[in-house]
Amino acid sequence: MSTPEQRLCVATIRRTGTVAHLRLGPSDGRPLGSFTPGSHILIQTPASVNAYSLTGPHVDPGAYEISVQRHRDRGGSAWLHQLSVGHTVSVSGPVSGFAPVLSAAHHLFIVGGIGVTPILSHVRAAVTGSRSFEVIDAHRPGPAAHRDELTRLCGSRLTTVTDRGALLQRLTERLADQPLGTIAYLCGPAEMMAAVRALADRLGWPAERIRSEAFTGVALAPGRPFRVRLARSRRRVAVAAGVSLLEALETAGIAVPHRCRQGVCGECRVGVLAGRPEHRDLYLTESERASGDALMACVSRCLDDELELAL
Amino acid sequence: MVGVSPEHTSVPAWPTDPGEIDPAGQSFQVLGSGRDGVRVARAWLAQIARTGRPVLSHVDGHTAPERSVAVAALGASLARARVGVRVMIAGPELVALDAIAAARAAGAIDAELRVWVSDRALKRVYCPHCRTFTVARVQVADTFACGGCARTLVVYHHLSRRHGAYLGFLADVQADAGDRGASG
Amino acid sequence: MSSPPVIPDRVARFPFPFPEAHYRYSTNVEPARTPVRTAAGEWGRWLIDADDGYRDELALRAQILAADPSRMVSAPHMADAAWDTLLLCLGELAAAHPEEMVLHRDGAVYRWCNRRLDEERHFRRGDADSLGADPLAYAGSQVQEDIVLLEQREGELWAEAGLVTFAADWSLAFDIGMTFLEIHGPVPRVHVEGVIPRAHAFLLRLQPDAPYRRTNWTMSADPRLDQSTETYPEWGPARERALVDPAAVGQLQLRVEVQHLIRLPTSGAILFLIRTHLLSLEALMTVPEWARRFAEVLRELPADIADYKGVAGLRAPVLGWLEHPGPGAASRERQSRSAARSPT
Ligand code: HEM
Ligand code: FES
């Protein structure tokens, strides 16, 4: 489970319209890890844990750079917007879920609005690695975040469109004329990505050729807090969000055999006597899940507020 | 082999039915080899003709040659193909494996390939001991003489689609040691 | 009773792989860099380290590669992953041996200093000329581990590059280009029992900051590291001999691989490292807990797993020998089951 446990310090902060660009540097001088193009980090804000794409250089970065669009309804972005230089934030290590295909003959990046953020590191890597690529960029008329940099990196490989009709026309042309071995990468608003996928599908693109940024599904979500009652020892243990049941039991001094902490090895199986488990492992079979009488303590949680365990 | 489930080895269970063409295909390349392969390819070509989509066909004659001219033609034309193409391959396994390798080398992925195998009589087998390939009329678990080092190899249930070849290895290590005086 | 014998380093650090009295295939992955206490010592504190076989094994690797270049496969699209691999390997070695090895970065230039091999290089990532070698080949000249690199695409992992000189009965040259699932095709049970599908799902979502490891084991007739399919005609006969010659049993080796599974940070490729450890049955006997446990495991091992590992025929002679070690033990065992227990 990737959790925001590293403390980074705001080194610079800059704004383009409603987007704030933050550079987060190590507060202890230790070098930050390289990351795969398209990666994001998770940031703990008072309201929630948010995912932000890393927009800066990916090899031996001096800082992690992110761009935060302010949403009125999302507390986290407003909080990040009011930070200033010197503030520290809790950040996870880079999470990769939108990586380039190393052997692709050509890379086609399709970008909408603030969806440019994960594409920047892709494009930079493609330029340094002399990989063949092109970018189709759609955003509202007027200035938009990172477009100067994108233009500088791409030169004539960039096409910009500012309305839906032009986007669809350009896409129809380009999707129909890609060398075999092309991989397309999508990042933008959900409706735009759905429209591009539908168009690509009609033009004979197998789903395997299209990657899209999904901030979810790579790292397990921290989950809601819940409690467990232990039938044998008659104890109660609280499991906080972001803490696994296995960890909570260990902290309470209750040893459960385990190995992988990833829900694959099968060691940490615990009997469930009451309550509905939320299965998040890869170990139990469908029928074992359905019977609900066991769970894997390293990853699985509770659908309700309490579970009773055979411990 | 005990415990080995045939459907999970690297040796594909080829579809028995040639199937319909993929209506999402924007263009097609069809390869047919050998009498049965050519018959299936013709049926596919007829279906494609009804869609009006562009098609290139690569057909070998009624005898299935060991190294197919059609495979070379397929590889060359796929080098110019665009995403949206579907590659339809019908013929003996040996030719089909070569065609798959050529298509994948040109950038095609499994989702864009359709394969129908007429027979598995001939196999290309890799000898790791002398690093050569031999084409032989063998089944898995049969033995034969390696064309490179003359050792008697047994054909293993392990297949590389990149090489279009099965793995072989020395069938009787004791006999070999005796014959050759090889030592450990 | 005398004072406790000094345990040789090779035994003390041996990754004895049997936490339980029976062995089954499982998705036995665990976080890397976690020390494990064993009856004889400890292993696993470091992701990569150099042991007392370091120079010899690296020299042997160079010799094997020179004789058979097909043991290394590199590919242009995996070059970035090869640089990742090199930097990871050197960084881990330096962490384990700070007094002998240093990896230092100054801007874009790395300095690698390895006193054990009298090596010093200054290089830039991505610049093979500055390194004076192919990055994969150089990595293989600094670590005892065999290396396989897998690329993730089409929802699969494809073995695209590697340097493997100490394989246990498989061939890199043949397996290159296969998917993870195809590579494991010949292994019995693991598909229907879900071991390999789970490993696959686990690897597809593996993240760079969380390296994992697992162990695997087999037996070999002699301490030869290169048991590749390529050289089977050379090492196969020794195994056959051990079946008929009880004197050879003590020289049989428990061969354990510590395998690391790592998502490389910049390329996003999967790095699979295989480090092979050998321990003769004679050395195994010096640790009574291990001898007892190994006998339990061997006795209980299902036929299909024993067959696949090539230990089916060895089972009876080894069990006999473990009970009555020494030349001729196996045949003595057959003659008299009531023989006095030999000293250990
Ligand atoms: C969690 C990950 C993995 C698991 C659980 C796993 C499991 C296994 C098992 C159970 C075997 C049979 C070994 C024996 O009985 O001696 C095996 C063999 C093998 N594994 Fe893996 N493995 C994993 C990762 C990998 C990776 C990443 C590679 C990369 C190439 C790999 C390559 C092989 C090869 C080449 C063999 C020999 C297969 C043959 O007979 O040709 N494994 N593995
Ligand atoms: S510790 Fe492996 S499944 Fe939970």
Side-chain angles (χ1 to χ4, degrees), chain A residues 98-111 122 126 129-136 157 159 167-186 193-212 264 282-283 285, chain B residues 5 8 15 19-31 44 47-58 71-89 98-115 160-163:
Chain A
F98 188 44
V101 172
L102 301 172
S103 59
H106 183 68
H107 306 261
L108 170 63
F109 300 107
I110 302 170
V111 176
H122 273 284
S130 312
R131 294 185 203 137
S132 166
F133 76 95
E134 67 190 85
V135 180
I136 299 175
R157 289 171 286 204
T159 310
L167 172 65
L168 287 182
Q169 191 195 329
R170 182 69 187 160
L171 277 175
T172 309
E173 283 163 26
R174 295 309 301 148
L175 285 172
D177 191 20
Q178 295 294 317
L180 196 58
T182 301
I183 297 290
Y185 306 81
L186 313 182
M193 296 212 282
V196 176
R197 278 188 178 275
L199 180 61
D201 191 49
R202 245 179 295 134
L203 295 174
W205 283 63
E208 290 87 343
R209 288 204 179 278
I210 304 174
R211 293 195 163 189
S212 52
V264 292
L282 296 163
Y283 185 79
T285 62
Chain B
S5 36
H8 294 294
E20 305 287 303
I21 61 160
D22 180 351
Q26 301 298 291
S27 69
F28 294 85
Q29 302 234 355
V30 177
L31 179 143
W44 283 337
Q47 288 177 34
I48 297 163
R50 288 195 285 276
T51 68
R53 298 263 156 83
V55 59
L56 278 175
S57 87
H58 314 279
V71 171
L74 174 73
S77 60
L78 280 178
R80 296 181 300 272
R82 306 279 103 181
V83 175
V85 71
R86 292 297 181 273
V87 184
M88 322 277 296
I89 297 163
D98 283 346
I100 293 169
R104 292 201 58 104
I109 60 176
D110 288 352
E112 293 157 340
L113 303 180
R114 173 75 49 85
V115 181
S160 157
R161 292 187 298 157
R162 165 108 25 122
H163 302 311

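Note on naming: letters A, B, ... go to the chains in the order of the sequence lines (proteins, then strands), and numbering restarts at 1 for each one.
Contact tally against chain A (heavy-atom pairs below 4.5 Å) for B:P23, B:A106, B:G25: the top residue is B:A106.
For residues 74-89 of chain B, the set of pairs meeting the side chain to side chain donor-acceptor pair (under 3.5 Å) definition, not counting sequence neighbours, comprises A:D177-B:R82, B:D22-B:R86, B:Q29-B:S77, B:H58-B:S77.
Every residue was checked against the salt bridge (Lys or Arg N to Asp or Glu O under 4.0 Å) condition with A:E208, not counting sequence neighbours, and none meets it.
Closest heavy-atom contact between B:A24 and A:D201: CB-O, 4.3 Å.
More than 12 heavy-atom neighbours from other residues, nucleotides or ligands sit within 6.0 angstrom of CD on A:E173.
Between the side chain of B:Q26 and the main chain of A:R202, a donor-acceptor pair closer than 3.5 Å is present.
Of the two parts of B:V83, the backbone and the side chain both hold a non-hydrogen atom closer than 4.5 Å to a non-hydrogen atom of chain A. With a threshold of 4.5 angstrom between heavy atoms, A:A200 does not approach chain B through any atom at all.
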